[in-house]
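Data first, discussion second: the structure below is written as structure tokens.
Because only heavy atoms are used, hydrogens play no part in the values below, and waters and symmetry mates are left out as well, while side chains stay in. For clarity, every value in this text was computed on a predicted model and none was experimentally measured.
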Amino acid sequence: MTQDAVVVVPGIMGSELRDAKTGDLLWGMSVRLLERAWRRGDGLDHLQATPEEMEGDGGRVRATRLLSVPAWAPFLQGAEPYSSLLRTVTGAVAAPEAVLAFPYDWRLPVERNPGTPLLQMLTRRCSQQHPR
């Protein structure tokens, strides 16, 4: 059992992305979304980062949660990394509240990602509380 806090940051394409205004799913598990992506040549165009987003205006898309099923690997038949990982980590910490799932907009460079300041603040706080 550890007293440390744990931040779970998913791999590339591991965060669900939604339109910030409408809440529409842009990336994640949806039969309609997957069918559109596989069948149409422009099925993923809505994911392309705009010049404004690349410069730091990340208001169009919101990362809402970790993917619960790997979007591009349906042949894995339900295998997915994050639920099991979160359960395991939660069982290894002193308080379940010490585990934070940290979805982010994986389309953007880290320095332009809206979640980066929060992650930096969490990292600084953890470093101060748990010096090497």
Side-chain angles (χ1 to χ4, degrees):
M1 191 70 57
T2 182
Q3 299 295 319
D4 293 333
V6 178
V7 179
V8 178
V9 181
I12 187 78
M13 301 168 78
S15 300
E16 179 181 273
L17 301 179
R18 291 190 174 269
D19 183 291
K21 289 182 184 172
T22 66
D24 290 346
L25 185 65
L26 301 175
W27 177 259
M29 281 313 299
S30 158
V31 173
R32 191 180 98 227
L33 179 69
L34 292 174
E35 178 186 12
R36 185 172 112 193
W38 284 105
R39 291 181 182 240
R40 293 176 47 183
D42 64 350
L44 297 175
D45 286 356
H46 61 281
L47 287 173
Q48 185 164 349
T50 65
E52 293 80 18
E53 288 172 315
M54 294 302 286
E55 290 300 318
D57 178 11
R60 181 178 72 95
V61 174
R62 189 169 40 94
T64 54
R65 64 182 182 159
L66 306 187
L67 285 182
S68 58
V69 177
W72 290 104
F75 53 85
L76 292 178
Q77 300 175 355
E80 58 90 8
Y82 302 116
S83 295
S84 177
L85 174 63
L86 288 169
R87 277 192 305 276
T88 300
V89 170
T90 300
V93 296
E97 301 81 27
V99 178
L100 172 67
F102 192 83
Y104 65 96
D105 187 346
W106 44 263
R107 305 166 312 125
L108 303 177
V110 171
E111 65 273 4
R112 301 283 193 245
N113 204 296
T116 298
L118 175 61
L119 187 57
Q120 290 171 340
M121 184 269 304
L122 288 169
T123 303
R124 276 194 306 274
R125 184 176 294 168
C126 288
S127 296
Q128 292 167 354
Q129 292 176 357
H130 302 284
R132 293 181 191 160

When you measure from the side chain of [X] to the backbone N and O of [Y], does any donor-acceptor pair fall under 3.5 Å?
X: Gln48; Y: Asp45; result: no
X: Arg18; Y: Gly23; result: yes
X: Arg107; Y: Leu47; result: yes

Could you grab the distance from atom CG of Leu25 to atom CG of Leu17, nearest 0.5 Å is fine?
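The distance works out to 8.5 Å.
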Shortest non-hydrogen contact from [X] toward [Y]:
X: Leu67; Y: Tyr82; value: O-CD1, 3.5 Å
X: Met54; Y: Ala49; value: SD-CB, 3.7 Å
X: Ala98; Y: Asp4; value: CB-O, 4.0 Å
X: Asp105; Y: Ala63; value: N-CB, 3.8 Å
X: Met1; Y: Val93; value: SD-O, 2.9 Å

From the options Lys21, Glu53, Glu52, select the one residue that forms a side chain to side chain contact (heavy atoms under 4.5 Å, CB included) with Arg60.
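Per the side chain to side chain contact (heavy atoms under 4.5 Å, CB included) rule, the option paired with Arg60 is Glu53, out of Lys21, Glu53, Glu52.
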With sequence neighbours left out, what residues match Thr22 under side-chain hydrogen bond (donor to acceptor under 3.5 Å, both in side chains)?
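Testing Thr22 for side-chain hydrogen bond (donor to acceptor under 3.5 Å, both in side chains), a comparison that skips the adjacent residues, returns Asp19, Asp24.
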Checking side-chain contact (heavy atoms from CB on, under 4.5 Å) for the pair Val6/Thr90: CA distance, chi angles, key distance, verdict?
CA-CA 9 Å; Val6 178; Thr90 300; over 6 Å; no
Side-chain donor-acceptor contacts of residues 8-15 below 3.5 Å, not counting sequence neighbours, with atom names and distances?
residue: Ser15; atom: OG; partner: Tyr104; partner atom: N; Å: 2.9
residue: Ser15; atom: OG; partner: Tyr104; partner atom: O; Å: 3.1

